[in-house]
Structure formats: C-alpha cells, structure tokens
Amino acid sequence: MAQRLALRRFLSISPQKLSVLPLSILSKVSAVPCYPRSLVPLTPITVPASIRTFSTTPVYRATFNIQDGSDFQDRVVNSQKPVVVDFHAQWCGPCKILGPRLEKMVAKQHGKILMAKVDIDDHTDLAIEYEVSAVPTVLAMKNGDVVDKFVGIKDEDQLEAFLKKLIGA
C-alpha cells in the first residue's frame, strides 16, 4: 500500500518539477512516468542513467485478446506463426487457472508461438464456428487450420508437449 502511494505521488510530479529533483531522489526511483505528447515540455529533461525503465514482458507481447471476428481473421487465421487460441470465460474457474499457466508456457517459446484469448461470452459466433462446447478449450492453429485441440486443464509438462507438437507440426 505504501508503495502505491509513493508511486502515485511520484507520477503526479510534473515534468518541469522532475527535472529539478535532486539526483539522490531520482536514483531511488525505479520508474519514469510517461506523459502524453501534449504535456511533454519542448526542452528535453535529463534523466540519470541509473533509472530503470518499464518494459513489457514477453507474455504480453506474445498474448493478445481478440476484439472481433475480423481481428480474429487478421491475427489468428492469417498469422505466419502458429497460434494457440484460448477460449475462456470470466466466470470459469478452470479458465482462471489454465490462462496464466498457458501464457507462461507460450512466453517460454520466445516468440515462436502467439496466443490469442477469446472470451466466449463476447464472441459466441467464434465459439460456435470452432465447435467450442466447454471451457477452457484450447486450439492449436497453423496456417489458418486447426491442427490440435484440448479441453480442460493441463499441467505444465502437458502444455509444453502440446506447444512443442505445434511448433513441429
């Protein structure tokens, strides 16, 4: 809680005030806030090299949520890389267990596989099209075709074998 308050206070500092903060304070901060272009001053702010910046993890780069049918077509069916499609629901307990586990295993593949997440309540048409009758259902797609599928929870070893099979399929 104290960390959140400290971060909130730091993020509320304007760019002009940030440039005049003592170096001892800046060296203890682990993040630099991002400002919209309209708020960024025209004069550059010098930031010490000792400050670490935020970056996204591979999990978030390899995993994406499907927005609609055309998004699914563009990002999954037309993908050059193999894609794991996780059909899930917010109310599904096993989905909440499998989702993070699957994301972690996809991230370990270092970009060889992508992961699309499809909420069946929002995209019923996709669930019907791909014959999803229970959640969680995971499809392995390559070149727009379903090459493998499983329903339910799997442990990490089974997920790794599933992904290795997709890469080699």
Side-chain angles (χ1 to χ4, degrees), residues 1-8 10-12 30-40 52-169:
M1 187 66 160
Q3 291 173 338
R4 282 187 184 171
L5 290 174
L7 184 60
R8 218 178 259 156
F10 179 75
L11 292 177
S12 68
S30 64
V32 176
C34 295
Y35 293 98
R37 286 197 182 274
S38 62
L39 296 179
V40 176
R52 291 180 281 155
T53 59
F54 284 115
S55 67
T56 57
T57 62
V59 171
Y60 297 110
R61 284 185 234 141
T63 303
F64 53 91
N65 291 318
I66 295 299
Q67 304 301 316
D68 55 27
S70 64
D71 186 38
F72 186 84
Q73 184 72 26
D74 293 341
R75 296 172 86 178
V76 177
V77 177
N78 297 335
S79 175
Q80 299 298 317
K81 293 182 180 181
V83 182
V84 174
V85 184
D86 177 21
F87 286 92
H88 66 95
Q90 293 293 324
W91 46 264
C92 170
C95 299
K96 292 178 182 178
I97 296 169
L98 179 67
R101 188 180 292 172
L102 190 56
E103 287 177 19
K104 177 180 165 187
M105 297 308 294
V106 167
K108 284 184 178 180
Q109 301 304 317
H110 303 290
K112 294 177 188 172
I113 298 177
L114 300 175
M115 180 177 165
K117 299 184 70 137
V118 180
D119 189 326
I120 62 163
D121 293 329
D122 295 337
H123 308 293
T124 311
D125 55 333
L126 288 173
I128 292 169
E129 183 179 344
Y130 287 93
E131 300 173 356
V132 175
S133 58
V135 285
T137 295
V138 178
L139 305 178
M141 295 186 71
K142 194 169 188 178
N143 300 322
D145 298 323
V146 177
V147 294
D148 203 358
K149 173 181 180 176
F150 72 83
V151 179
I153 295 181
K154 302 282 185 191
D155 64 18
E156 288 187 7
D157 293 336
Q158 292 169 320
L159 290 175
E160 187 172 3
F162 179 78
L163 296 178
K164 295 287 184 187
K165 183 177 173 186
L166 177 59
I167 292 171

Can you pull out every salt bridge (Lys or Arg N to Asp or Glu O under 4.0 Å) where at least one residue sits in residues 68-78? Sequence neighbours excluded, please.
Asp71-Arg75
Asp119 and Ala89: which non-hydrogen atoms are nearest, and at how many Å?
OD1-CA, 4.0 Å
Straight-line distance of Leu163 CG to Lys108 NZ, nearest 0.5 Å
10.5 Å
Tell me the salt bridge (Lys or Arg N to Asp or Glu O under 4.0 Å) pairs involving residues 109-118, sequence neighbours left out?
Glu103-Lys117
Closest heavy-atom contact between Leu139 and Phe87?
CD1-CE1, 3.5 Å
Which residues pass the side chain to side chain contact (heavy atoms under 4.5 Å, CB included) test with Ile128, not counting sequence neighbours?
Thr124
Taking salt bridge (charged side-chain N to carboxylate O under 4.0 Å, His left out) as the test, write out the residues that go with Glu156, two or more places apart.
Lys104
Start with the C-alpha gap between Leu159 and Val138, add the side-chain angles, then the distance that decides, and say whether side-chain contact (heavy atoms from CB on, under 4.5 Å) holds.
CA-CA 10 Å; Leu159 290 175; Val138 178; over 6 Å; no
Please, which pairs that meet ring pair (Phe, Tyr, Trp, His ring centres under 6.0 Å) have at least one residue in residues 113-166, sequence neighbours excluded?
Phe72-Tyr130, Phe150-Phe162
Keeping to residues at least two apart or across chains, list the side-chain hydrogen bond (donor to acceptor under 3.5 Å, both in side chains) pairs with something in residues 86-100.
Trp91-Asp121
Counting C-beta onward and ignoring hydrogens, is there a side-chain heavy-atom pair between Ile113 and Lys81 closer than 4.5 Å?
no
Between Gln158 and Asp155 (side chain of the first, backbone of the second, donor and acceptor by atom type, cut-off under 3.5 Å), is there such a pair?
yes
Search all heavy atoms of Lys142 against all heavy atoms of Leu166 and return the closest pair with its distance.
NZ-O, 3.6 Å
